[in-house]
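This one's a predicted model, so the numbers in the text were calculated from it and none came from an experiment.
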Amino acid sequence: HQAQGVVHSSFRRLSSREKKEMQREILSILGLPGRPRPHPPLRPPSSAPLFMLDLYHAVSAEGDEGNGIGNEVGGLGHAALPTLSTHTPPLGTVVSEADTVMSFVNLVEQERDLLQPRPYWKEFRFDLTPLPQGETVTAAEFRIYKTLTMGQRANRTLHISVYEIQRESKHREPELVLLDIQSVPAGQEGWLAFDVTSASNRWLLHPRSNLGIRLYVETEEDRSLSAGWVGLVGRRGPRSKQPFMVTFFRASQVPCRPPR
Amino acid sequence: ALKPNPRKRKPKYDLPLPSIHDHSHVNSGRQACKRHELYVSFSDLGWKDWVLAPSGYSAFYCDGECLYPLGSCMNATNHAMIQLVVHLLKPDEVPKACCAPTKLSPISVLFYDDNNNVILKKHRNMVVKTCGC
């Protein structure tokens with residue numbers, strides 16, 4: 001509407017009582033929490049919002065036309081943020097059937113890099129406390145951006161694997177469960193999407209079990225490389241390329257619209 | 001060729017002959033049943049930094065007359081037509097056909113939560129798409 005400038009906001013013409021009622025209806029219909037977030041950060045990461053905005057437009061277009069564009073949406077999601085991998089699960093139906101999609105950016109990063117003994121790894125931990133209760137995870141992805149780095153043999157193949165960290169103890173290596181692995185050419189650039197659905201389900205049911213995920217990079221000759229060295233962007237990278245997680249949910253009960 | 005006597009009132013149940021261009025009820029200021037929109041921009045609510053999309057909310061509602069569902073610009077169920085005829089015969093017992101939503105469409109919203117995570121919520125069958133009698 002705004003783009004067409006056809007319909008103007010009529011809010012100002014309402015009386016204060018009507019304004020309150022209208023606001024209450026909007027919050028209820030859109031399933032929004034009772035109030036805006038307290039302190040918007042000055043410069044939040046923009047990678048997740050850009051991805052989610054893309055998803056929003058695809059989902060809205062699907063709603064308007066009433067036709068299933070599931071596969072297209074899956075493709076679209078990738079088209080907007082091209083990934084290097086063909087292993088990503090088919091998100092089309094997952095996106096079409098999702099009631100809620102959440103992206104997580106609050107990130108704790110640790111890594112073992114060039115200054116320490118191999119194998120090198122990088123850990124990512126998201127704050128998943130806001131996971132909506134009463135909804136089930138249908139799919140979850142960890143997205144990280146790979147840039148081009150100097151000194152890389154472009155045709156070399158990198159094997160990037162992501163593990164869920166289970167049961168950590170101070171004196172021993174944690175237990176790791178493989179979630180996904182992608183083989184990517186060292187000379188290409190773009191988003192990588194790793195399927196972390198099984199870990200997300202566990203974290204939703206047992207929030208304390210969320211110890212994060214660990215990422216390893218190896219060459220064909222099983223030589224361990226540092227994530228930063230092969231161009232994987234961390235939370236100190238450009239805002240539009242910082243890593244994030246996205247989780248798709250289905251609601252267990254169908255919300256009904258309150259009468260106006 | 002005699003002109004009817006203007007004083008003589010038309011009988012109440014005199015249904016006009018339906019014609020495809022019959023807009024008489026519209027001209028008399030009574031709007032036919034249709035969807036109306038009250039658009040609220042989120043900027044007005046001070047939510048611009050909170051809700052990423054859409055840019056506003058359209059509070060659609062159905063309003064208008066269902067007196068002549070046979071008119072060209074109105075979609076009406078058979079039930080509404082029958083109800084109108086019965087109403088004309090027994091106005092005290094059967095109400096007129098009413099203007100109501102006939103199709104609902106989904107609505108989605110993209111917003112920040114308290115932890116600056118971005119959330120996309122999709123609600124099916126939540127806003128009025130079309131109205132009818």
Participant: Please check if the side chain of Ser108(B) supplies one atom and the backbone of Ser60(A) the other of a donor-acceptor pair under 3.5 Å.
Facilitator: no

Participant: Is there a side-chain contact between Gln23(A) and Val40(B) in this structure, where contact means two heavy atoms from C-beta onward sitting under 4.5 Å apart?
Facilitator: no

Participant: Does Thr100(A) offer a backbone N or O that forms a donor-acceptor pair with the side chain of Lys122(B) under 3.5 Å?
Facilitator: no

Participant: Distance check, rounded to the nearest 0.5 Å: Phe51(A) atom CZ versus Leu120(B) atom CG?
Facilitator: 10.0 Å

Participant: Working to the nearest 0.5 Å, report the span between CD1 of Ile119(B) and CZ of Phe249(A).
Facilitator: 8.5 Å

Participant: Roughly how far, to the nearest 0.5 Å, is CD1 of Ile29(A) from NE2 of His123(B)?
Facilitator: 8.5 Å

Participant: Please identify, among Leu32(A), Leu53(A), Thr247(A), the residue contributing the most non-hydrogen atom pairs under 4.5 Å to chain B.
Facilitator: Leu32(A)

Participant: Can you tell me how far the CZ atom of Phe104(A) sits from the CG atom of Asn115(B), to the nearest 0.5 Å?
Facilitator: 9.0 Å

Participant: Out of curiosity, Leu110(B) CG to Leu55(A) CG, how far, rounded to the nearest 0.5 Å?
Facilitator: 8.5 Å

Participant: Taking NZ in Lys19(A) as the centre, count heavy atoms belonging to other residues, nucleotides or ligands within less than 6.0 Å. Is the count above 12?
Facilitator: yes

Participant: Assess whether side chain to side chain contact (heavy atoms under 4.5 Å, CB included) is satisfied between Trp47(B) and Ile26(A), documenting all intermediate values.
Facilitator: CA-CA 12 Å; Trp47(B) 290 359; Ile26(A) 293 172; 3.7 Å; yes

Participant: To the nearest 0.5 Å, tell me how far Asn117(B) CG sits from Met52(A) CE.
Facilitator: 9.5 Å

Participant: Which heavy-atom pair separates Tyr56(A) from Ala53(B) by the least distance, and what is that distance?
Facilitator: CE2-CB, 3.4 Å

